[in-house]
Amino acid sequence: MNKNKSEHTKDDNYLKHVSQIDQVNFLNFRRYLIDWYETVKRDLPWRKNQDPYKVWVSEIMLQQTQVDTVIPYFDRFIKQFPTPAALANAEEDQVLKAWEGLGYYSRARNLHAAVKEVAASYGGQVPVDKEELKSLKGIGPYTLGAIMSIAYNQPEPAVDGNVMRVLSRVFIIEEDIKKVKTRHIFEALVRRLIDQKRPSDFNQGLMELGALICKPTKPLCEECPLQSICLAHQQKIETTLPVKSKAKKQKKLNYYVAVIESPEGKILIEKRPSEGLLANLYQFPMIEQTKTDCSLLSEYLSAEYDTNLNQEQMLEPVKHVFSHLIWSIDAVKFMAQASFIPKEHQRWVDKKELGDLAFPVPHQKVLRQI
DNA sequence: AACGCGGGGCC
DNA sequence: GGCCCAGCGTT
């Protein structure tokens with residue numbers, strides 16, 4: 001059975017709900033887009049060559065993260081881990097430290113695991129095969145298409161938020177881009193639109209256009225190479241697109257954080273669990289505040305550790321907003337007595353060593369105060 | 001299909 | 001405050 005044919009039949013089913021696409025000249029779309037991209041293309045660190053490893057690292061970092069944020073992380077990361085082998089041989093703590101502050105830390109853990117898999121099963125070469133590439137941890141539909149097109153010049157769709165924004169406007173597609181099904185519509189459309197000879201420039205051009213011109217609010221339509229063929233612009237409805245359902249409001253959580261110093265001047269830290277929020281990162285001991293909990297933190301801790309803790313100083317409270325949570329932290333510094341016994345998942349570290357461990361930003365805000 | 005998962009920049 | 005971002009894995 002012809003696999004390509006079956007894929008295209010599926011594409012047709014997705015696309016037939018989008019009646020307007022016939023009105024746009026695909027040939028002009030390609031030409032306008034790629035000509036524009038050639039003239040404005042930014043000189044980004046991962047565009048120096050098509051090294052699949054560097055393309056891969058950059059695409060993982062760029063997930064849900066803006067270009068300007070990624071650049072310094074990418075440069076440091078590649079300097080520290082220049083090859084798949086170098087990354088595969090690194091300790092996870094090192095990799096997380098290199099990712100510290102970038103967020104979505106499962107990206108780093110998955111990339112590390114995937115590179116180990118590449119070293120073990122693919123002789124250290126990033127697979128060219130679609131199925132093999134897609135089987136690697138952290139490589140989903142978008143990243144698969146990005147690596148296939150940018151590193152290997154294969155005509156695969158790489159549909160991200162930029163692409164959906166641009167295409168939803170040019171073709172007036174009013175499906176909710178939060179839904180997975182909607183991404184399939186755009187992938188089907190890109191399979192028809194993509195320049196078979198220049199898939200890399202086509203995909204990157206689409207994303208570049210979304211980032212520089214076809215912005216979420218205040219798109220710069222007067223500078224847009226697709227202005228003459230953009231259906232939403234013709235109808236002056238470009239700012240109503242794309243349609244996107246609203247995110248839930250963040251849940252608020254209150255914590256106590258204890259910075260505990262030993263008589264030798266060491267600091268108590270703990271490693272977070274290997275799953276869930278901020279997995280495997282380090283932090284100062286932290287407990288959630290509950291109404292029933294004692295209001296005096298030192299009493300609670302002294303009982304918990306079966307020894308007296310002398311409160312030294314109240315630190316400035318820390319507020320930190322995640323995409324789905326808001327942490328409010330009351331931080332207190334304590335001096336421990338010699339009889340203090342850390343818990344299983346905790347240990348004392350020299351203040352100098354704190355810098356070698358990856359702390360989530362809210363705990364960095366506490367750390368900065370000591 | 002819905003949800004959990006960071007952090008910074010912008011308005 | 002709310003919204004945005006070169007998404008993915010789990011359930």
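Since the model is a prediction, treat every value here as computed from it, not as a measurement. We name chains A, B, ... by the order of the sequence lines, and we start the count at 1 in each one.
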Report task. Determine the contact category for A/L44: base if any of its heavy atoms lies under 4.0 Å from a base atom, sugar-phosphate if only primed atoms, P, OP1 or OP2 are that close, otherwise nothing. Result -> base
From CG of A/N110 across to P of B/dG6 the rounded distance in Å is 11 Å
Fill in: Side-chain touch A/Y152/A/V55, heavy atoms, less than 4.5 angstrom
no
Answer with base, sugar-phosphate or nothing: what part of the nucleic acid does A/R165 contact at a heavy-atom distance below 4.0 Å?
-> sugar-phosphate
Practice problem: Measure from the ring center of A/F284 to the ring center of A/F359 and say whether it is less than 6.0 Å. | Solution: yes
- Is there a side-chain contact between A/L268 and A/P342, using heavy atoms and a 4.5 Å cut-off? yes
Closest non-hydrogen atoms of A/E156 and A/S149, given as atom of the first, atom of the second and distance, are O-CB, 4.1 Å
In whole angstroms, the gap separating C1' of B/dG7 from CD of A/Q250 amounts to 12 Å
Sorted by position of nearest nucleotide on DNA chain B, 5' first, the leading residue of A/V180 and A/T217 is A/V180
N/O (side chain, A/K179) to phosphate O (OP1/OP2, B/dA2) under 4.0 Å: yes
For A/S274, the side chain to side chain donor-acceptor pair (under 3.5 Å) test, sequence neighbours excluded, returns none
At a 4.0 Å cut-off to heavy atoms of chain A, the contacted part of DNA chain C spans C/dG1 to C/dG9
Please evaluate residues A/K134 and A/E131 with respect to the criterion salt bridge (Lys or Arg N to Asp or Glu O under 4.0 Å), reporting the C-alpha separation (whole Å), side-chain torsions for both, the decisive distance (0.1 Å), and the verdict. CA-CA 5 Å; A/K134 180 75 167 65; A/E131 309 304 324; over 6 Å; no
> Under 4.0 angstrom, heavy atoms only, what part of the nucleic acid is A/I139 near: base, sugar-phosphate, or nothing?
Replying inline: sugar-phosphate
task = Determine the contact category for A/N203: base if any of its heavy atoms lies under 4.0 Å from a base atom, sugar-phosphate if only primed atoms, P, OP1 or OP2 are that close, otherwise nothing.
result = nothing
Sorted by chain and residue number, the ring-ring contact (aromatic ring centres under 6.0 Å, His included) partners of A/H320 (sequence neighbours excluded) come out as A/F322
* Asked: Base, sugar-phosphate, or nothing for A/G101, non-hydrogen atoms under 4.0 angstrom?
  -> sugar-phosphate
Tell me, do A/S168 and A/F186 make a side-chain contact under 4.5 Å, heavy atoms counted? yes
Note: with side-chain heavy atoms under 4.5 Å as the link, the other cluster members for A/M335 come out as none
Closest to the 5' end of DNA chain C, once A/M207 and A/G138 are matched to their nearest nucleotides, is A/M207
Minimal heavy-atom distance between A/P127 and A/V118, with the atoms involved, is CD-CG2, 4.1 Å
Are any non-hydrogen side-chain atoms of A/I185 and A/L189 less than 4.5 angstrom apart?
-> no
Using the C1' atom in both, what is the distance from C/dC5 to B/dG6, to the nearest Å?
-> 12 Å
Look at all strands and tell whether A/T143 reaches a base, only sugar-phosphate, or nothing, counting heavy atoms closer than 4.0 Å. sugar-phosphate
In numerical order, the residues of residues 65-79 of chain A whose heavy atoms come under 4.0 Å of DNA chain B are A/T65, A/Q66
Between C/dC8 and B/dG9 - P atom distance, rounded Å | 24 Å
Which part of the nucleic acid, if any, lies within contact of A/R47, taking any heavy atom under 4.0 Å across all strands shown: a base, the sugar-phosphate backbone alone, or nothing? base
Under 4.0 angstrom, heavy atoms only, what part of the nucleic acid is A/P362 near: base, sugar-phosphate, or nothing? sugar-phosphate
Within the structure shown, what part of the strands sits under 4.0 Å from A/K215 by heavy-atom distance: base, sugar-phosphate, or nothing?
nothing
Can you give me the N/O atom pairs linking the protein to nucleotides 3-5 of chain B at distances under 3.5 Å, or say none if there are none?
from, atom 1, to, atom 2, distance (Å)
B/dC5, OP1, A/L277, N, 3.1
B/dC5, OP2, A/H324, NE2, 2.9

Separation of B/dG7 atom P from A/M61 atom CE, nearest Å, is 15 Å
Practice task
May I ask you to check if A/R76 and A/Y73 form a cation-pi contact, with NZ or CZ under 6.0 angstrom from the six-membered ring centre and within 45° of the axis?
Solution key: yes
Under 4.0 angstrom, heavy atoms only, what part of the nucleic acid is A/K319 near: base, sugar-phosphate, or nothing? sugar-phosphate
What I'd like to find out is whether the side chain of A/E59 reaches to under 4.5 Å of the side chain of A/Y142, using heavy atoms alone.
yes
